S.K.: 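Dumping the structure here so I can ask a few things about it.
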There are 2 protein chains.
Amino acid sequence: MSINASLPRLDWLRAFATFAEYRNFTHAARALGLSQPALHTQVKHLEEALETPLYRRDGRTLHLTEAGERVVGYANEVLGSMRSFVSEVRTGRDQRPVTLTAGEGAYLYLLGPSLEAFRRDHPEHPLRLLSEDRDTALESVRSGRADVAVTALAAAPTEAALEADLLSVVGISLAFRSDHPGLCDGGALSLDEVANAPLIAPPAGRPMRRLLEGAWLEHTGRPPEVAVEASGWPLMLEFVRLGLGVAFVNAFCAPPPGVALRPVHDLEPVSYWMLWRRRSTPASATVEALRRALARTSR
Amino acid sequence: MSINASLPRLDWLRAFATFAEYRNFTHAARALGLSQPALHTQVKHLEEALETPLYRRDGRTLHLTEAGERVVGYANEVLGSMRSFVSEVRTGRDQRPVTLTAGEGAYLYLLGPSLEAFRRDHPEHPLRLLSEDRDTALESVRSGRADVAVTALAAAPTEAALEADLLSVVGISLAFRSDHPGLCDGGALSLDEVANAPLIAPPAGRPMRRLLEGAWLEHTGRPPEVAVEASGWPLMLEFVRLGLGVAFVNAFCAPPPGVALRPVHDLEPVSYWMLWRRRSTPASATVEALRRALARTSR
DNA sequence: ACGTTATTATAGCTTTAAACGATAGTTTCG
DNA sequence: CGAAACTATCGTTTAAAGCTATAATAACGT
């Protein structure tokens with residue numbers, strides 16, 4: 001009944017956290033400044049302390065188990081909290097950097113004012129801004145490498161480990177050269193009106209591209225013909241300016257001179273969500289429950 | 001610019017936490033199953049890692065510094081969270097015991113139904129119930145040994161480290177034998193009406209005793225004459241039943257057969273508070289601020 | 001198919017550091 | 001002022017964490 005079964009060491013948690021990042025002992029060990037065997041035994045110790053396998057081998061690639069995923073998240077949480085506490089005690093004030101991850105588009109067109117405001121109101125906290133695509137960003141939040149992610153999602157994530165808030169819903173607009181014949185005036189466009197213009201689109205596989213392909217098929221009966229592939233709205237808009245074609249972009253984009261936007265009503269608007277890891281101080285939920293129970297006491 | 005200055009080890013935190021409990025290296029070391037020098041160096045290492053003295057010597061007695069107080073709290077928090085996480089991973093579910101500390105009176109007359117309800121709604125969480133007096137209970141919460149305290153306080157504590165909720169305000173009643181001449185009927189009593197009855201009161205120095213002495217002086221111009229000292233309302237009520245005198249008790253007390261209660265209006269009612277440690281995941285406040293800043297984003 | 005490369009996992013040896021016993025140094029108390 | 005109670009330090013011992021070397025295994029290229 002291992003009542004006082006030894007706690008895992010923080011070294012082991014850190015070791016496992018960086019191992020989880022690389023999923024490769026050799027590289028992770030180099031990143032930690034350790035030998036590969038040393039890292040290996042640290043992870044092994046952690047597994048023994050938790051009496052649970054944390055990763056699985058499929059041939060030469062290593063996958064985290066479900067328990068492993070939870071442990072990474074907790075490890076990063078505890079390590080981050082510890083680091084910030086230490087620096088807080090040492091310097092007398094909280095200087096923990098806050099890490100935000102988002103896509104380039106969100107930074108350029110959505111988050112600017114908020115970040116300025118945060119910087120102004122909390123100058124004491126360094127702000128680490130990662131630029132990552134949707135999946136990487138979610139993974140960064142899950143694993144605790146980032147505190148908050150902002151990204152476009154079809155719906156709030158159902159994962160229990162994450163909490164989310166809807167930030168903004170933005171429509172899709174068509175970007176075209178101001179001198180484009182036949183597009184310059186009018187309200188919302190339909191897809192058919194632009195079915196024949198050469199198209200600048202994100203690379204195959206990106207979420208926005210898939211959205212486009214679906215809607216195109218539905219409205220015109222055939223897949224879109226993409227003239228130019230470009231990643232990121234600034235590039236797409238630049239290519240529009242150069243006359244390489246038209247592009248579908250989020251309505252919040254600021255078009256460069258010579259480029260105009262018109263809303264498109266056949267495309268679903270995109271929802272931007274802010275996501276963060278549900279803090280798993282496992283105690284707190286229970287303690288909260290007890291507090292609620294007590295608060296029901298005759299008042 | 002110690003960017004990666006080594007983190008304190010959990011051993012050191014645990015060592016310091018139990019040292020803080022005893023404020024005595026020798027005893028704490030015995031409690032930990034360590035030699036006194038070993039414990040001493042662990043605490044020293046912690047101080048070096050935090051670059052801050054955690055205790056001070058006044059002759060032979062040791063006091064925690066202010067930083068030391070914060071570190072104990074954080075240490076207990078982190079250790080508790082770690083223990084519960086480990087057992088959660090090992091067993092697959094959260095079994096963290098929740099620790100409540102309160103006085104005997106609160107348990108007997110105030111908290112019963114709430115505790116029953118909590119037990120029914122959360123049978124998976126062991127409940128540890130400590131019986132401590134006010135100061136010890138507060139100290140237990142501050143140091144993280146207990147999750148929640150319930151105790152009578154004149155006002156909400158102003159300490160930044162604690163949060164509090166008012167649970168209940170209860171008046172003071174006089175407990176007397178049902179056959180007492182002249183007391184049996186009527187509404188609220190004044191102090192003068194009972195100034196001559198032999199008095200059963202808590203031992204000198206207890207909060208309730210001090211309250212009584214203050215009010216007595218104010219209303220009758222002289223200190224009360226205490227016939228019997230007894231600690232705890234059950235004992236006091238029992239002595240009332242035996243005819244040793246009358247007693248002032250909280251109105252929520254359940255008098256035994258043969259004993260009656262009547263409210264007393266010259267005595268201030270007593271407020272029962274629930275207190276808990278403000279969770280200091282130092283990150284969370286900042287992250288919260290960032291989230292608020294982002295949420296101000298055009299919606 | 002077979003050698004080459006990349007990587008995990010184990011073994012033996014070395015080094016680091018944590019624990020211990022002994023003890024000097026302080027303060028308090030009778 | 002001596003005894004008792006502790007803290008803090010000093011070598012010494014012991015445990016554990018690191019390193020190099022290497023066996024074992026899977027993927028890859030020719």
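Computed from a predicted structure; not experimentally measured. Numbered from 1 within each chain, the chains take letters A, B, ... in sequence-line order.
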S.K.: Taking atom types as modelled and ignoring hydrogens, do the side chains of Q42(A) and W12(A) form a donor-acceptor contact shorter than 3.5 angstrom?
M.R.: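 No - no donor-acceptor pair under 3.5 Å links their side chains.
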
S.K.: Given dA8(D), is OP1 or OP2 found less than 4.0 Å from the side-chain N or O atoms of Y55(B)?
M.R.: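 Looking at the OP1 and OP2 atoms of dA8(D), one of them is under 4.0 Å from a side-chain N or O of Y55(B).
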
S.K.: Nearest-Å distance, CZ (R56(B)) to P (dT27(C))?
M.R.: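 That distance rounds to 16 Å.
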
S.K.: Please tell me whether T61(B) and D58(B) have a donor and an acceptor in their side chains that are separated by less than 3.5 angstrom.
M.R.: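 Short answer, no.
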
S.K.: Establish, with yes or no, whether the OP1 or OP2 oxygen of dT7(D) is under 4.0 angstrom from a side-chain nitrogen or oxygen of T26(B).
M.R.: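 The answer is yes; a side-chain N or O of T26(B) sits under 4.0 Å from OP1 or OP2.
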
S.K.: Once you round it to whole Å, what is the distance between C1' of dT25(D) and CZ of F25(A)?
M.R.: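 Result: 15 Å.
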
S.K.: Please figure out whether H27(B) or K44(B) has its closest DNA chain D nucleotide nearer the 5' end.
M.R.: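 The 5'-side residue here is H27(B).
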
S.K.: In plain terms, say whether E139(B) and R142(B) are close enough for a salt bridge, that is, a side-chain N and a carboxylate O under 4.0 Å apart.
M.R.: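 R142(B) and E139(B): salt-bridged.
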
S.K.: Would you kindly give the CG-to-P distance between L54(A) and dT8(C), to the nearest whole Å?
M.R.: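 Distance check: L54(A) CG to dT8(C) P gives 16 Å.
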
S.K.: Evaluate the ring planes of F25(A) and Y55(A), with Trp represented by its six-membered ring, and classify them as parallel (under 30°), tilted (30 to 60°) or perpendicular (over 60°).
M.R.: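 Taking Y55(A) first and then F25(A), their aromatic rings stand perpendicular (interplane angle over 60°).
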
S.K.: Please tell me which of the listed nucleotides, dG18(D), dA18(C), dC6(D), lies nearest to the side chain of R9(B)?
M.R.: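 Looking only at heavy atoms from C-beta outward on R9(B), the closest nucleotide is dA18(C).
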
S.K.: Hey, is E213(B) close enough to R209(B) for a salt bridge, meaning N to O under 4.0 Å?
M.R.: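 Yes, E213(B) and R209(B) are salt-bridged.
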
S.K.: Separation of D58(B) atom CG from dT27(C) atom C1', in whole Å?
M.R.: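 Checked: the CG to C1' distance equals 12 Å.
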
S.K.: From E77(B) CD over to L13(B) CG, what is the distance, rounded to the nearest 0.5 angstrom?
M.R.: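 Answer for the CD-CG pair, E77(B) versus L13(B), is 11.5 Å.
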
S.K.: Rounded to whole Å, how long is the line connecting atom NE2 of H45(B) with atom P of dT16(C)?
M.R.: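 Answer to the nearest Å: 15 Å.
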
S.K.: Atom OH of Y22(B) and atom C1' of dA5(D): how far apart are they, to the nearest Å?
M.R.: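 Distance check: Y22(B) OH to dA5(D) C1' gives 17 Å.
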
S.K.: DNA chain D: D11(A) or R57(A), which has the more 5' nearest nucleotide?
M.R.: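 First, find each residue's nearest nucleotide; the 5'-ward one identifies D11(A).
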
S.K.: Any side-chain N or O of N24(A) under 4.0 Å from OP1/OP2 of dA6(C)?
M.R.: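 Negative; the distance criterion is not met.
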
S.K.: Would you kindly give the CG-to-C1' distance between L62(A) and dT25(D), to the nearest whole Å?
M.R.: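 My rounded result for the distance is 12 Å.
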
S.K.: For DNA chain C, what residues of residues 28-40 of chain B have any heavy atom nearer than 4.0 Å?
M.R.: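 The stretch gives L34(B), S35(B), P37(B), A38(B) as the residues lying under 4.0 Å from the strand, ordered by number.
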
S.K.: Could you tell me whether a side-chain N or O of E47(B) sits under 3.5 Å from a main-chain N or O of L54(B), the two making a donor and an acceptor?
M.R.: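 Pair found, side chain donor or acceptor close to backbone of L54(B).
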
